[in-house]
Structures are given as C-alpha cells and as structure tokens.
Amino acid sequence: MGLKVVSSAIISFSLLLLLASTAKAQSNGVFDVTKYGGKEDITEALNNAWKDACASTNPSKVLIPSGTYLLRQVTLAGLARLRLSSNGTFDRQGNVAWSKSTCNKDKNCEGLPMNIRFDFITNGLVRDITTRDSKNFHVNVLGCKNLTFQHFTVIAPGESINTDGIHIGQSTGIYIINSNIGTGDDCISVGDGTEELHVTGVTCGPGHGISVGSLGRYPNEKPVSGIFVKNCTISNTTNGVRIKSWPDLYGGVASNMHFEDIVMNNVQNPVVVDQEYCPWNQCSLKSPSKVKISDVSFKNIRGTSATPVVVKLCLQWWHPV
Ligand SMILES: *[C@@H]1O[C@H](CO)[C@@H](O)[C@H](O)[C@H]1NC(C)=O
Ligand SMILES: *[C@@H]1O[C@H](CO)[C@@H](O)[C@H](O)[C@H]1NC(C)=O
Ligand SMILES: *[C@@H]1O[C@H](CO)[C@@H](O)[C@H](O)[C@H]1NC(C)=O
Ligand SMILES: *[C@@H]1O[C@H](CO)[C@@H](O)[C@H](O)[C@H]1NC(C)=O
C-alpha cells in the first residue's frame, strides 16, 4: 500500500501517521521528522522516519510537530492499518496551474499532480486533515479496502479547474463522514470499480456536486455498486447528486445507488442522471450510452434550485417500458 503526497506543498502541520508494523524493535514508537534533520523541507526526513517506523515491530507513529514545512513529492509505502490524523493542511498553492490547465478538455494533457494519493490501503483512517488548492484532484483513492475519511476538509475556489475533492476508483468500503468539501469540480467523484461507498454528513459547495461517473468512456470498466449518500448538504454548486455516462463508447454497469436526506441550497441542477455526458464535445451522440444504470433511488431531497430544472433525466431505457 502507499500514501503518496505529490507536492511541493506547504504543509502547516501537526501530523501523526500511525501504523502497525512487524519488523525491528524501536524504543518509544515515535519517529519525529525533526529528529531526522527535517527543518524547512521535510521530504527526506519524512521518508527516513517512515522507513524506520515501518521497520519497527510495535505500532509506531511518525510525527510532524506543529509548524509550516515544505514537502516535495514523497511516496510512503508500508503496512496495513494506516492512521493519518492531524490538524494540518496540505496546501499545494495550485492557483498558478489552474489558468494553464487544459485537462478538462484535452484527455491527452500532461497530468498535473494531485495533492494526496491513497493507493492500495487496507483498513485505514484519515482524520482532521485539510487539503487546499490542489493543482488537480485533491485526493485520489485507488485499490483501497475499508478506508475512512472523517472530519476531512477540502478547500479550493469554485473557479479552480479539475480540482475534484475526493475521487474514488477500484475500491471497496470507503466511508466519508462529517466532512466539508468546497472546490472547483466534483466534491466527490466515483469512478469505476467502486463498491460500498458511504458518504454521510458531508457538506459540499462550491463545486459540481457529488457524482457517480463519468462512466463508459474507457473499455473494460468495472461495475459500480452500493453507493449510499445520506444526510448531506449541498450548496451553491452546479449539480447536486449526479450519475453520468458517456454516449456511444463503452459498456459498464452501475447499480444499487441511493441518495437520501439531502438538503440542496441554491443548486443549479439538484438531481441529474445523464447518459449523454459529453463535455467539450469530445464524443459522438450517434449511438446511446452502453452503460446500464439500475436500482437508483432519491429520497427526501429538499431545498432550493437555482434554476427551474430540478430533476434532469436523460436515460437509455434498456428494458423498454
Ligand atoms: C488537534 O487539535 C485538538 C484541539 O486543539 C487537540 O486536542 C488534538 O490533540 C490535536 N491533534 C493533533 C494530532 O495534534
Ligand atoms: C476498518 O478499518 C478500521 C480502521 O483501521 C478498523 O478499525 C476496522 O476494524 C476495520 N474494519 C474491518 C471490518 O476490518
Ligand atoms: C448529519 O450531518 C451533520 C453534518 O452536516 C452531522 O453533524 C450530523 O451528525 C449528521 N446526522 C446524522 C444522523 O448522521
Ligand atoms: C452560498 O452563496 C451565498 C451567496 O453568495 C453565500 O452567502 C453563502 O454563504 C454560500 N453558502 C455556502 C454554504 O457556501
């Protein structure tokens, strides 16, 4: 598994990384980066402290004491049961990149770095972390099993480009609880292979809302199923809750998706199921979407729409009615 911080982020921190490990013994179990020569730039120190912590037989902690540091790209690989908790902020100062980004309209664009990637984490907990002004997605979750985000905060302006808050793909058992996401793109976006996603007590806005998809853009996408979005407040966003798939291209399955007890404030399109998702005219509408969407419910969704369109459905009917 790995935690990858892609930055030259300025981090204001008091960070605790706690992991259980099974190698060489260590006395008090706390690995303080400032004891590894970490001063302004803690990249090397964090790397070394992490390695020692992973080699410890006892549960161990990597500590970044309160302060403001520079962190360049670092990949932290190790064992299960990651805990990442702090009162700290990963600040990517991405505003210089947004105006130059073409990633929203050019799929071959050079990828800008995301703030934090969680790859192949099992049984992890991320708590009291803030990510600010990423150049690209704030957080990418890939191949994880049982990972919880609690009191997680995403901050970026509504006009920042492609700055999805948390993007999830190929993962099972992801919990996003009591968190606050305001950004320039989807607050939460759900990619293929996501199963058992629970989003509860999340406030979203500004941004593009909570989205499943887009699906069907690439071949061999894995099914999406078991998506539960509950007790959320979505404000000042372009969309509220949305399921989107591309027309004409590839097949896929998205089922068992439920949206319940959601308050919308000044949302342009509160409920959207769009099977003709085609931003920047990158596709053809010649043939319908091949993605099968089923078993979807929207319950107790209330509030105000910023436009006369409250529910927008643009569906392919697989079983003619
Ligand atoms: C975060 O702040 C709270 C309240 O100030 C404090 O109780 C807690 O110990 C802090 N956590 C860390 C990891 O520093
Ligand atoms: C999921 O992960 C959390 C946090 O590490 C852990 O407390 C919990 O026991 C795990 N659940 C299962 C079913 O393994
Ligand atoms: C609903 O969400 C709010 C945060 O927006 C949280 O404070 C509250 O505890 C949640 N209620 C339930 C029943 O989960
Ligand atoms: C939504 O926008 C209004 C008007 O700009 C602002 O007063 C309000 O604070 C915003 N709400 C949230 C939750 O961002």
Side-chain angles (χ1 to χ4, degrees), residues 1-3 15-22 53-54 58-62 76 78-86 118-130 132-133 139 141 143-160 163 165-166 168 171-188 194-210 226-241 258-270 299-307:
M1 64 137 222
L3 165 70
L15 171 65
L16 274 176
L17 296 161
L18 171 61
L19 61 153
S21 69
T22 52
C54 282
N58 300 314
S60 46
K61 293 177 187 177
V62 173
L76 305 173
L79 301 163
R81 298 192 82 81
L82 171 82
R83 299 271 185 292
L84 174 61
S85 63
S86 89
F118 295 94
D119 293 345
F120 306 103
I121 307 261
T122 301
N123 299 336
L125 175 63
V126 177
R127 203 170 55 197
D128 301 316
I129 297 280
T130 297
R132 180 187 282 272
D133 292 346
V139 168
V141 172
C144 294
K145 285 203 175 88
N146 183 26
L147 174 63
T148 298
F149 293 84
Q150 213 175 13
H151 301 134
F152 192 77
T153 305
V154 174
I155 304 172
E159 58 277 10
S160 58
T163 52
I166 302 179
I168 301 145
S171 295
T172 303
I174 307 299
Y175 301 81
I176 305 173
I177 301 167
N178 297 343
S179 294
N180 204 326
I181 304 177
T183 192
D185 209 303
D186 293 336
C187 291
I188 295 171
T194 302
E195 293 183 19
E196 288 299 318
L197 167 66
H198 296 260
V199 176
T200 316
V202 168
T203 64
C204 161
H208 297 179
I210 297 176
I227 308 296
F228 304 90
V229 178
K230 213 177 158 184
N231 182 33
C232 292
T233 301
I234 303 183
S235 308
N236 299 338
T237 54
T238 52
N239 301 286
V241 289
H258 306 284
F259 304 85
E260 195 175 343
D261 300 331
I262 296 174
V263 176
M264 307 270 182
N265 300 312
N266 188 38
V267 169
Q268 288 174 34
N269 300 290
K299 260 189 241 168
N300 191 24
I301 295 189
R302 57 196 197 281
T304 57
S305 171
T307 70

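Numbering of ligands and ligand atoms starts at 1, following listing order. All heavy atoms count here, side chains included; hydrogens, waters and symmetry mates do not. All residue numbers refer to positions in the sequence shown, counting from 1.
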Colleague: Suppose we measure from atom 5 (O) of ligand 3 to each protein heavy atom; which comes out shortest, and what is that distance?
Modeller: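 Residue, atom and distance for the closest contact: G201 O, 3.9 Å.
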
Colleague: What protein heavy atom lies closest to atom 4 (C) of ligand 2? Include the residue and the distance to one decimal.
Modeller: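 Scanning the protein heavy atoms, the shortest distance from atom 4 (C) of ligand 2 goes to N123 O, 3.7 Å.
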
Colleague: Any luck finding a side-chain donor-acceptor pair between N300 and D261 under 3.5 Å?
Modeller: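 Side-chain D/A pair, N300 to D261: present.
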
Colleague: Does any non-hydrogen side-chain atom of D186 lie less than 4.5 Å from one of N239?
Modeller: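 Side chain of N239 against side chain of D186, heavy atoms only: no contact under 4.5 Å found.
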
Colleague: Nearest protein heavy atom to atom 7 (O) of ligand 3: under 4.0 Å?
Modeller: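 So far as the 4.0 Å threshold goes, atom 7 (O) of ligand 3 is out of reach of every protein heavy atom.
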
Colleague: Decide whether an N or O pair under 3.5 Å exists between T203 and ligand 3.
Modeller: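 Looking only at distances, the answer is no, because the N/O contact criterion of under 3.5 Å is not met.
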
Colleague: Do you know which of V199, I262, N269 makes side chain to side chain contact (heavy atoms under 4.5 Å, CB included) with V241?
Modeller: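 Output: one option passes, namely I262.
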
Colleague: For ligand 2, which atoms have a heavy atom of R81 less than 4.0 angstrom away?
Modeller: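 In order of number, 5 (O), 6 (C), 7 (O).
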
Colleague: Would you call V126 and F152 a side-chain contact if the rule is heavy atoms closer than 4.5 Å?
Modeller: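 SC-SC contact between V126 and F152 confirmed.
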
Colleague: Among all protein heavy atoms in this structure, tell me which lies nearest to atom 13 (C) of ligand 4, with the distance rounded to 0.1 Å.
Modeller: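 Scanning the protein heavy atoms, the shortest distance from atom 13 (C) of ligand 4 goes to S235 CB, 3.6 Å.
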
Colleague: To which of N231, D261, N178 does the heavy atom nearest atom 14 (O) of ligand 3 belong?
Modeller: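 Heavy atom nearest to atom 14 (O) of ligand 3 belongs to N231.
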
Colleague: For the residue pair T203 / N180, report whether a side-chain donor-acceptor contact shorter than 3.5 Å exists.
Modeller: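 Side chains of N180 and T203: pair found under 3.5 Å.
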
Colleague: Over all heavy atoms of both residues, which pair between Q268 and T238 is shortest? Give the atoms and the distance, please.
Modeller: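 For Q268 versus T238, the nearest heavy atoms are CB-O, 3.2 Å.
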
Colleague: Check the SG atoms of C232 against those of C204: under 2.5 Å or not?
Modeller: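 No, C204 does not link to C232 through a disulfide.
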
Colleague: Which of the numbered atoms in ligand 2 are under 4.0 angstrom from any heavy atom belonging to N146?
Modeller: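 Result: 1 (C), 2 (O), 3 (C), 8 (C), 10 (C), 11 (N), 12 (C), 14 (O).
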
Colleague: Counting heavy atoms only, which of T233, N265, N236, N266 is nearest atom 3 (C) of ligand 4?
Modeller: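 Considering heavy atoms of T233, N265, N236, N266, the nearest to atom 3 (C) of ligand 4 sits in N236.
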
